[in-house]
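I have placed the structure first, in the form of structure tokens, so that the comments after it can refer back to it.
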Amino acid sequence: MAFEGLADRLQNTIQRIKGKGKVTEQDVKEMTREVRLALLEADVNFKVVKDFVKRVKERAVGQEVMESLTPGQQVIKVVKEELTNLMGGDESKIAVAKRPPTVIMMVGLQGAGKTTTTGKLANHLRKKHNRKPMLVAADVYRPAAINQLQTLGKQLDLPVYAKGTDANPVDIANEAIAEAKENHYDYVIIDTAGRLHIDGELMGELQQIKDNVQPDEIFLVVDAMTGQDAVNVAESFDEQLEVSGVVLTKLDGDTRGGAALSIKAVTGKPIKFAGMGEKLDQLEAFHPERMASRILG
Ligand code: GDP
């Protein structure tokens, strides 16, 4: 379960401070020390942890007294608010182009869950937003990736635009968008190539698709289980492509939460969705406040 390890690790500390009728500076110090260690063990970025603890300390020590809460509860409220801010504050939405179709470009490393997420996102747009999405197979290097997307399209009963492995990804994307326009599809979701590692060639190709297609959203798909590696990947992709949001996959298996808690603070880009399983309906809008509640109980 997402954040389970971190939540377990923090439970005693939270219970201890929650019960206090009076919270001293020493209590706050001890609590933040525990929180700091727990976050570091959860593989949260070092600088993010440092800033977080500093903010909590400042607010928890100097906070206004509210009559409805005990001092202990107020300290936990501060921690919860700061955790929520860390993960992005308000939930984010998906762009809607003034003139359809809205174009979403999916980018990420191989194995992160990009193709699965492309299908999940299409399913989400149709079910939750009543949209007509079309999928585009623009990973021309791996026939398996094209087949995978076509299989997903069949499962979802949604069209997949594919031209095999000989066509140029930019042409594929442009032709798919033209076809979507003609057939009144309002979202086009492009599954781009992924590699095992970031390299100049991949980035060059993605940049070219971006420049030509001018997508309304670029979603970077990263694997939550890879912790700080996911954060580094996000930083690199964002530097080169300026992504608009992150989809964090495999959060269902990530008990620590290091990537979830670091990505927004490090890259400035919000996590828009979380993958919570392999099935096509297991994509959730990412709600920072709900995630903070999971951690603090
Ligand atoms: P790609 O290479 O980035 O396109 O990755 P795939 O979409 O092929 O996914 C790689 C593996 O991760 C597959 O076995 C997926 O079923 C699995 N996967 C993707 N998203 C999730 C998720 O949110 N949770 C879990 N548990 N598995 C996922």
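Ligands are counted one by one from 1 in listed order, and the atoms in each one are counted from 1 as well.
Ion pair Arg16/Glu30 not flagged as a salt bridge, since none of the NZ, NE, NH1 or NH2 atoms sits closer than 4.0 Å to an Asp/Glu carboxylate oxygen. By the 4.0 Å N-to-carboxylate-O rule, Glu25 lies too far from Lys29 to be salt-bridged with it. Ionic pairing of Arg55 and Asp51 is not present here: no N-O contact between side-chain nitrogen and carboxylate oxygen is shorter than 4.0 angstrom. Salt bridge annotation for Arg256-Glu41: absent, with no cationic side-chain nitrogen under 4.0 angstrom from a carboxylate oxygen.
The ligand atoms of ligand 1 that sit less than 4.0 angstrom from a heavy atom of Lys250 are 12 (O), 18 (N), 21 (C), 22 (C), 23 (O), 24 (N), 25 (C), 27 (N), 28 (C). Interface atoms of ligand 1 facing Lys120, defined by a heavy-atom separation under 4.0 Å, are 20 (N), 21 (C), 22 (C), 23 (O). Each of the following atoms of ligand 1 lies closer than 4.0 Å to a heavy atom of Met276: 23 (O). Within the listing of ligand 1, atoms 1 (P), 3 (O), 4 (O), 5 (O), 7 (O) sit less than 4.0 angstrom from a heavy atom of Lys114. For ligand 1, the atoms sitting less than 4.0 Å from at least one non-hydrogen atom of Gln110 are 2 (O), numbered in the order shown with element in parentheses.
In this structure, the protein non-hydrogen atom closest to atom 7 (O) of ligand 1 is Thr116 OG1, 2.5 Å. For atom 13 (C) of ligand 1, the closest non-hydrogen atom on the protein side is Glu278 OE1, 4.1 Å. At the shortest separation from atom 8 (O) of ligand 1 among protein heavy atoms lies Gln148 NE2, 2.9 Å. The single protein non-hydrogen atom nearest to atom 2 (O) of ligand 1 is Gly111 N, 2.6 Å, given as residue, atom name and distance. Ranking protein heavy atoms by distance to atom 24 (N) of ligand 1, first place goes to Asp252 OD1, 2.9 Å.
Side-chain N/O atoms of Tyr141 and Gln110 include no donor and acceptor closer than 3.5 Å. When only modelled atom types and interatomic distance are considered, Ser244 and Glu217 share a side-chain donor-acceptor pair under 3.5 Å.
Taking only nitrogen or oxygen atoms, main chain and side chain alike, Gly275 reaches within less than 3.5 Å of ligand 1. Polar contact check, Thr115 against ligand 1: a nitrogen or oxygen pair lies under 3.5 Å apart.
At least one heavy atom of Gly277 sits under 4.0 Å from some atom of ligand 1. For the ligand labelled ligand 1, residue Leu109 lies inside the 4.0 Å heavy-atom shell. Using a 4.0 Å heavy-atom cutoff, Ala112 is listed among the residues neighbouring ligand 1.
Annotation: side chain of Thr116 is not in contact with side chain of Glu278 (no heavy-atom distance under 4.5 Å).
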Evaluation steps, side chain to side chain contact (heavy atoms under 4.5 Å, CB included), between Asp191 and Gln148: CA-CA 11 Å; Asp191 186 24; Gln148 192 187 345; over 6 Å; no

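No option in Leu125, Val103, Leu149, Val136 other than Leu125 meets the side chain to side chain contact (heavy atoms under 4.5 Å, CB included) test with Ile189.
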For residues 258-274, which side-chain donor-acceptor pairs fall under 3.5 Å, sequence neighbours excluded?
unit_1	atom_1	unit_2	atom_2	d
Ser262	OG	Asn45	N	3.0
Ser262	OG	Gln228	NE2	3.2
Ser262	OG	Gly258	O	2.6
Thr267	OG1	Ile263	O	2.7
Thr267	OG1	Lys269	N	3.0
Lys269	NZ	Asp238	OD1	2.7
Lys269	NZ	Asp238	OD2	3.3
Lys269	NZ	Val243	O	2.9
Lys272	NZ	Lys93	O	2.7

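By the criterion of a heavy-atom distance under 4.0 Å, neither the backbone nor the side chain of Met106 is placed next to ligand 1.
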